[in-house]
Protein chains: 2
Amino acid sequence: MAAEPTVGRYLIERLHALGAEHVFGVPGDYVLGFYDLLTRGPLQVINTCDEQGAGFAADAYARIRGLGVVCITYCVGGLKVANAVAQAYAERSPVVVISGAPGVNERVKNPLLHHKVREFDTQLGVFQEFTVASAVLSHSDTAFEEIDRVLAAAQRFKRPVYIELPRDMVNAKGPSDSAFTASEPQSDPDVLSEALDEIISRLRSAKQPAILAGVELHRFGLQDKLLELLERSPIPVAATILSKSVVGESHPCYLGVYEGAMGHEGVREYIESSDCLMLLGAPMNDVDLGINTAKIDPLHTIYVTAERFTIGHHVFEDVLLADVIQGLIDAGLLGGDMSDIPHPERPHPFTSSPGRPLTTDRLFQCVNSFLDRETVLIADVGDALFGSLDLYIADATEYLSPAYYLSLGFAVPGAIGAQLASPRHRPLVLVGDGAFQMTGMELATAARYGLNPIVVVLNNKGYGTERPMLDGPFNDVHYWHYDRIPEVLGAGHGIRVETEDQLDAALQAARAYTDGFTIIDAQLDQHDLSGALQRLTAFLASRVREGQGR
Amino acid sequence: MAAEPTVGRYLIERLHALGAEHVFGVPGDYVLGFYDLLTRGPLQVINTCDEQGAGFAADAYARIRGLGVVCITYCVGGLKVANAVAQAYAERSPVVVISGAPGVNERVKNPLLHHKVREFDTQLGVFQEFTVASAVLSHSDTAFEEIDRVLAAAQRFKRPVYIELPRDMVNAKGPSDSAFTASEPQSDPDVLSEALDEIISRLRSAKQPAILAGVELHRFGLQDKLLELLERSPIPVAATILSKSVVGESHPCYLGVYEGAMGHEGVREYIESSDCLMLLGAPMNDVDLGINTAKIDPLHTIYVTAERFTIGHHVFEDVLLADVIQGLIDAGLLGGDMSDIPHPERPHPFTSSPGRPLTTDRLFQCVNSFLDRETVLIADVGDALFGSLDLYIADATEYLSPAYYLSLGFAVPGAIGAQLASPRHRPLVLVGDGAFQMTGMELATAARYGLNPIVVVLNNKGYGTERPMLDGPFNDVHYWHYDRIPEVLGAGHGIRVETEDQLDAALQAARAYTDGFTIIDAQLDQHDLSGALQRLTAFLASRVREGQGR
């Protein structure tokens, strides 16, 4: 970066300082000047096919890197990422939305400029619904501190923020310095001390303490602290759906994923019968906790998230999650025996039966033996997600999925963001055919930037999650030959598999082929479901029927 | 429809009564019950690959039918159509958004249900930014009148509306009747009379009267009234970009498209030197009027839109556009001679030079001689739109394009909506490669429902509109072999053309093949632009540079 402190340069510099090395988006005339500036700075522009893909990619990037950036043009670009940004809000992923906009000097007399919906602040109003801070950089003298204020909010709350950049401000000279000073949030020491005393006392007298470790531990970078706690004070720990990889499956304290009545009985029993359950960074939501089948008694629960902290029925304010964990580490309180607790079953090495038609359960078993420490697993919504909850994932493996907000179409663009965020990991994408048809052609973007995800399409000819709830022709999708997509894109390998041994061989071939993406069209029966999805849909179907008054 | 008056049934019945025969969307668990009900009623469900495609299809359908319906699930579906609905708002297309939602009985205690972004009304807040009416049908006793109120607003303002249907209300029994009574808007007779007197007096004394006929004439169904006016009182008439097909190109009064400095000189001169210019249903926006290059003197201008009516510098309130036109018809005031005015040039029959590499201008000439009365032309944003402005379109041909809001990706899904809205028309889609990569795979939807659009991809390897403004690698797109898409979809024909005669032959082959879609991959030079786009981008580039302070 040259020395001249312009608004555009300052923004790029700050994003880079906070760990971003890539920006995802599609250009347009209101943002062209900023794109031009980007190409001359330290952030690489990743052009996706559609803005939606850029939104999902930035979300995945943010989940791994701690900050993701999507940069699009005014309204026609911005409103296309509304859903992806809403998902990032709901699942606490710090995505920075940068939208180009008409210049300040073009807004005089409120003209009907192209891409304008109604008022100049219509798009701002939309993003204020699901961002924790926003700014329109219309004054160069305050632009730097506005940038700092907004980016600090993304860092602090791990949620999306919105920055609108009028095109005549990109090269506007800013002040010599930013007037912003961040106020680091801090725990009130007296409240913290009282709360820790109560937690420790409860834990010491508990017969069956347990931890439910949630997604906020990922977002706030507290996984290592959790491991430190478990090392000092072994306590059985379960993950939620959204936080599946928070503790390695082989960890001696690890129980498995807790999913209420939908999950494994051993985990459910252990958690629900705990006389001192600590929910750490696990906001209570319906999917994560088994669509309202969770039976957790608040009286025996310590609930600590970034936004709320309760013990039993009383509330503590002004206490940080990180400080609670640190306090427990320092207390060094327990020495439990972990030999009796349930553990996830380590899978047998997968041996395919030649010629045996593929089933969903066997597909997951085959995938499981394929996973290694270099894999980042990305599951789209549907059986790709629910089935993958039973996977036994090795210690260092990343697992990404929109498991609470559940927006279809996340996984393929998410793999692009994930691999750029962490190049040492190779993405393995599990995606249903319905979800693939939404965003799967972003494989073009993977090809363009030399990425090599392995994409397994669970081709069960429709929305498999919905069929058991209420079926009809609306759950069908048009049949695509996914293995032929490489012919359209002039890149990658496509393989169609119908049997177990074909899938096994296809995954091995994909591992050997590192020059580009591999797409595996895995043929499944229309009504075949994983065990996990069968447990889920039995419950959801009753909801749909209740909704119908039946 | 059975007799039992449930909320879901009443909604379907009202949509059908207002002219809808199709509903576009993607199902999800919060809307499954309503989808199930839809399959048993008079509206056909059209499943698109992604919700965005459903939004664009419903918009195109609404432009032709006067009402389009998109039906999606809560947030993960709804927010994906935000951009398409914003476009419908900006361009006055009456799209009804129906969103499934958590049941009223599920909302107690504000739980974190899946698909929920922040609050239960987060999605409602977003849609209130770009709809003219909205309702959450949470009370069965008022649901019928709420439905009527909201649908009446769509009809009256020709803009989108939002209806949220909690899933436990679908089969809730409603009241025996709707309490809603529509208030038909009416002109104030005294104001109308004074205004008409002034218009007629101005027209009578004018030496060079002219009409600029805008898109609202389409939307409010006033094209025939305009033709009646021209028959009684021949006045030279130009269209705007958004209203190109409002008058047939061969009409004796027709001047052509007025686009400020970007358009044809003869039209510009005639309009700008008029001493009595009537803008009828033509809201002043930058694209429609040549990106601020229009030089229209308000003193000599009569400006009548659905929202504002001025003569010179004074304003009339409470007067309807339709009544003004009817008043002018009844006055029967002029008998002008149209032989001297400029007319669009009728194209010569296209004769291809065998082996001559295709250019953009020649592509449009070839397309022009292919058009007939059975064609509906749908142009996506980019040169597909700007180049098509010079097409000579026969009387009865429809022309659709998002010419003001300019959202890329409209055309392919738009063709699905257009052909279902008007089955006697066969869609001819002109779409750039950048726009195609966003939504083009909705050809799967065309295949699924037996539609047969002809899609010409203007394959110039990137965002051709942006290159002349400011070029960089961000204007490139990954190269797709568009002619191979039929192999992925197992449907349609694909043809790659590099020369004029190949394009000519491909269009003839497409006409002969009516069983499915045809996609023509038209190879163009990366820097080749239509004449119209050259005029436009010269101006836009100066804007981008000004924005950069250069």
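All figures in this text were calculated on a predicted structure; none of them were measured in a lab. Throughout, a chain's letter reflects where its sequence line sits, starting with A, and its residues are numbered from 1.
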Name every donor-acceptor pair, under 3.5 Å, that has one atom in a side chain of residues 125-132 of chain A and the other anywhere in the protein, sequence neighbours excluded.
residue: A:Q128; atom: NE2; partner: A:S134; partner atom: OG; Å: 3.4
residue: A:T131; atom: OG1; partner: A:F127; partner atom: O; Å: 2.7

With chain A, which of [options] has the greatest number of heavy-atom pairs at distances under 4.5 Å?
options	value
B:G53, B:C75, B:G409	B:C75
B:Q437, B:H478, B:R484	B:H478
B:L408, B:T48, B:L79, B:V26	B:L79
B:D50, B:V76, B:L489	B:V76

TODO: For each of A:A90, A:S407, A:G25, tally heavy-atom pairs with chain B at distances under 4.5 Å, and name the one with the top tally.
DONE: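 Going by pairs under 4.5 Å, I would pick A:S407.
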Open item on the list: Taking every non-hydrogen pair under 4.5 Å, which of A:Y463, A:Y479, A:Y482, A:F436 racks up the most with chain B?
Closed with: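 Greatest number of close heavy-atom pairs with chain B: A:Y463.
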Region of [X] in contact with chain B, defined by heavy-atom distances below 4.5 Å:
X	value
A:D476	both
A:E487	both
A:T122	both

- [ ] Check whether any side-chain N or O of A:H114 sits under 3.5 Å from a backbone N or O of B:Y405 as a donor-acceptor pair, and report yes or no.
- [x] no
TODO: Please list, chain by chain and in numerical order, all residues satisfying salt bridge (Lys or Arg N to Asp or Glu O under 4.0 Å) with A:R159, sequence neighbours excluded.
DONE: A:E307
Do [X] and [Y] come within less than 4.5 Å of each other through their side chains, counting heavy atoms only?
X	Y	result
A:E466	B:P27	yes
B:R118	A:Y89	yes
A:Y404	B:H115	no
B:N47	A:N475	no

TODO: Could you tell me which portion of B:F474 (side chain, backbone, both or neither) has an atom closer than 4.5 angstrom to a non-hydrogen atom of chain A?
DONE: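 Both the backbone and the side chain of B:F474 come within 4.5 Å of chain A.
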Open item on the list: B:V31: which residues meet the side-chain contact (heavy atoms from CB on, under 4.5 Å) condition with it, sequence neighbours left out?
Closed with: B:F34, B:Y35, B:C71, B:T73
Open item on the list: Checking an interface table here. Which of residues 443-451 of chain B come within a heavy-atom distance under 4.5 Å of chain A?
Closed with: B:A444, B:A447, B:R448
Task: Reported CG-to-OG1 distance for the pair B:D29 and A:T465, which is rounded to 0.5 angstrom - done: 9.5 Å
Open item on the list: Could you go through B:D471 and A:D36, starting from their C-alpha distance and side-chain angles, then the distance that decides it, and tell me whether this counts as side-chain contact (heavy atoms from CB on, under 4.5 Å)?
Closed with: CA-CA 8 Å; B:D471 205 7; A:D36 183 52; over 6 Å; no
Open item on the list: Would you say A:E51 and B:N83 are linked by a side-chain donor-acceptor pair, where the criterion is simply a distance under 3.5 Å?
Closed with: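 Short answer, no.
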- [ ] Could you go through the side-chain contact (heavy atoms from CB on, under 4.5 Å) check for B:K80 and A:Q52 one step at a time?
- [x] CA-CA 8 Å; B:K80 279 192 181 185; A:Q52 174 167 235; 2.9 Å; yes
